[in-house]
Amino acid sequence: MSSVLEGRVAVVTGAARGVGELLARKLSARGARLALVGLEPDELRRVAGALRTEAAHWHADVTDPEAMGRVAGEVADRFGRVDVVVANAGVAAGGPLEGCDFAVWRRVVEVNLVGSAATGRAFLPALAASRGYLLQIASLAAIASAPMMSAYCASKAGVEAYAHSLRAEVGHRGIGVGVGYLSWTDTDMVRGVDEIGLMREMRQRLPWPANRTYPPGPAVERLVAGIERRSAHVYAQGWLRGTQPVRGLLPGLLALGARREMRHFGDRLAGMDGRGLVGAGGAADEKARTQGSPTQRSHTQRH
């Protein structure tokens, strides 16, 4: 069966691995042409080369609005249009706020929130021209904030609010905006969190089904279906939909449970100071910042 995405042009940020890579593969399988954006040109080249449709990739830091503006212009020149943008790029860090490396805390917010806004701002003219759709990737963390992940939870709550605001702002121009929610999904980022023993133990003690790690395939299929429908809300795990009606109760309930958990782990918290970004994506972000912001385009195409 043909897809509404056949021949359309989709942009995916953070496309070098994880959810971004799988999104690119599944969108390509539905006939979309892909523009991949990220900080790992070799990995982006690998992903682009494996797609069944025309693809190109750009090496750019999503937190740099000038770089993203250039990327948006080059993508439009390369493909002639932009129909879908998935703001997926993100990083995470775990640990208590007290004693943390605040540069790491700030970077999580910069990439996840500021980078998402810079992405949306750069591609809005092209999306207005095509009456296209932007999917902002958020998280269960936007609905239920957990201890030890204050930067990540703050950033994901921020992108949810930003996307809702943007939907109201640009809907009259024919642009659709959706928010994608994911629970713990088996990616490099989540595995990186689990490498911190205390974080892994705390996650395992969460109530079901929030303590599970979910396979990425079905989750990304739900995201792609949401893109095809131009949905305002897309739930990568079906049970997440049920958190919306009770989200006003969750902060109080989580605070009560967290008191017990933080006392239980209290003696071990001091050893978590100064941790950096987690996972391979976090390492790539730190490497890119050490070497300087990427400013040049790198692309590979497949016909």
Side-chain angles (χ1 to χ4, degrees), residues 5-21 23-28 30-91 110-137 166 170 173-177 227 281 284-285 287-289 291-303:
L5 296 172
E6 187 76 36
R8 303 296 185 181
V9 176
V11 179
V12 180
T13 67
R17 61 183 68 252
V19 168
E21 176 182 355
L23 267 169
R25 291 178 180 272
K26 291 184 179 292
L27 290 170
S28 176
R30 284 164 169 77
R33 298 177 286 162
L34 271 298
L36 313 179
V37 183
L39 289 174
E40 300 173 84
D42 291 341
E43 290 300 309
L44 292 171
R45 185 179 301 111
R46 173 187 60 80
V47 176
L51 301 182
R52 62 176 290 269
T53 52
E54 184 181 2
H57 69 274
W58 279 261
H59 182 210
D61 184 337
V62 294
T63 68
D64 183 340
E66 292 185 359
M68 291 306 294
R70 288 194 296 273
V71 168
E74 292 176 2
V75 170
D77 289 344
R78 170 69 175 77
F79 290 100
R81 61 185 295 141
V82 174
D83 301 285
V84 174
V85 174
V86 184
N88 166 73
V91 294
E110 287 176 347
V111 173
N112 297 0
L113 176 54
V114 178
S116 293
T119 298
R121 180 175 179 269
F123 283 97
L124 280 179
L127 289 175
S130 67
R131 301 179 70 84
Y133 174 79
L134 184 147
L135 178 64
Q136 173 61 58
I137 299 300
L166 184 63
V170 301
R173 299 166 65 186
I175 304 173
V177 179
I227 291 170
D285 184 87
K287 180 180 178 181
R289 284 185 292 128
Q291 295 177 347
S293 296
T295 58
Q296 294 183 344
R297 183 185 73 170
S298 173
H299 73 269
T300 297
Q301 63 188 49
R302 178 185 176 95
H303 298 282

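Quick note: residue numbers are just sequence positions, from 1.
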inquiry  = Test your reading of the model: is there a side-chain donor-acceptor pair from Ser28 to the backbone of Thr53, 3.5 Å cut-off?
reply    = yes

Electrostatic pair Glu21-Arg46, nearest N-O below 4.0 angstrom = yes

inquiry  = Give me the atom names and distance for the closest heavy-atom approach of Thr13 to Asn88.
reply    = OG1-N, 2.9 Å

query = Hey, what do you get for CG (Asp64) to CD (Glu110), rounding to the nearest 0.5 Å?
reply = 11.5 Å

message = With salt bridge (Lys or Arg N to Asp or Glu O under 4.0 Å) as the rule and sequence neighbours excluded, what pairs involving residues 116-130 come up?
response = none

key: salt bridge (charged side-chain N to carboxylate O under 4.0 Å, His left out) evaluation trace for Arg289 with Asp285   = CA-CA 6 Å; Arg289 284 185 292 128; Asp285 184 87; 2.9 Å; yes

task = Using atom types as modelled and distance alone, determine if a side-chain donor or acceptor of Asp83 lies under 3.5 Å from a backbone N or O of Val9.
result = yes

request  = Measure across Ala60 and Val71 and return the closest heavy-atom pair with its distance rounded to 0.1 Å.
outcome  = CB-CG2, 3.7 Å

query = Which atom names give the shortest non-hydrogen contact between Val75 and Phe123, and what distance separates them?
reply = CB-CE2, 4.3 Å

Nearest-0.5 Å distance that lies between atom CG in Leu23 and atom CG in Leu36 = 10.5 Å

Which residues share a side-chain hydrogen bond (donor to acceptor under 3.5 Å, both in side chains) with Asp77, sequence neighbours left out = none

query = What's the spacing between Leu27 CG and Arg33 CZ if we round to 0.5 Å?
reply = 13.5 Å

key: Over all atoms of both residues, closest heavy-atom pair of Ala72 and Ala122   = CB-O, 3.3 Å

query = Which pair of non-hydrogen atoms, one from Met68 and one from Ala118, has the smallest distance, and what is that distance?
reply = CB-O, 4.2 Å

query = What's the spacing between Glu6 CD and Arg30 CZ if we round to 0.5 Å?
reply = 11.5 Å

query = Any side-chain heavy atom of Arg78 sitting closer than 4.5 Å to one from Trp58?
reply = yes

inquiry  = How long is the straight-line distance from CG of Leu34 back to CZ of Arg52, given to the nearest 0.5 Å?
reply    = 11.0 Å

request  = Apply the side chain to side chain contact (heavy atoms under 4.5 Å, CB included) test between Val170 and each candidate in Ile175, Leu134, Leu127; give the one that qualifies.
outcome  = Ile175

ask   = Which atom names give the shortest non-hydrogen contact between Leu44 and Gly38, and what distance separates them?
value = CD1-N, 3.5 Å

request  = Look at the side chain of Asp61 and the backbone N and O of Leu39, then say whether any donor-acceptor pair between them is shorter than 3.5 Å.
outcome  = no

message = Run the side-chain hydrogen bond (donor to acceptor under 3.5 Å, both in side chains) test against Arg173 and tell me which residues pass, sequence neighbours left out.
response = none

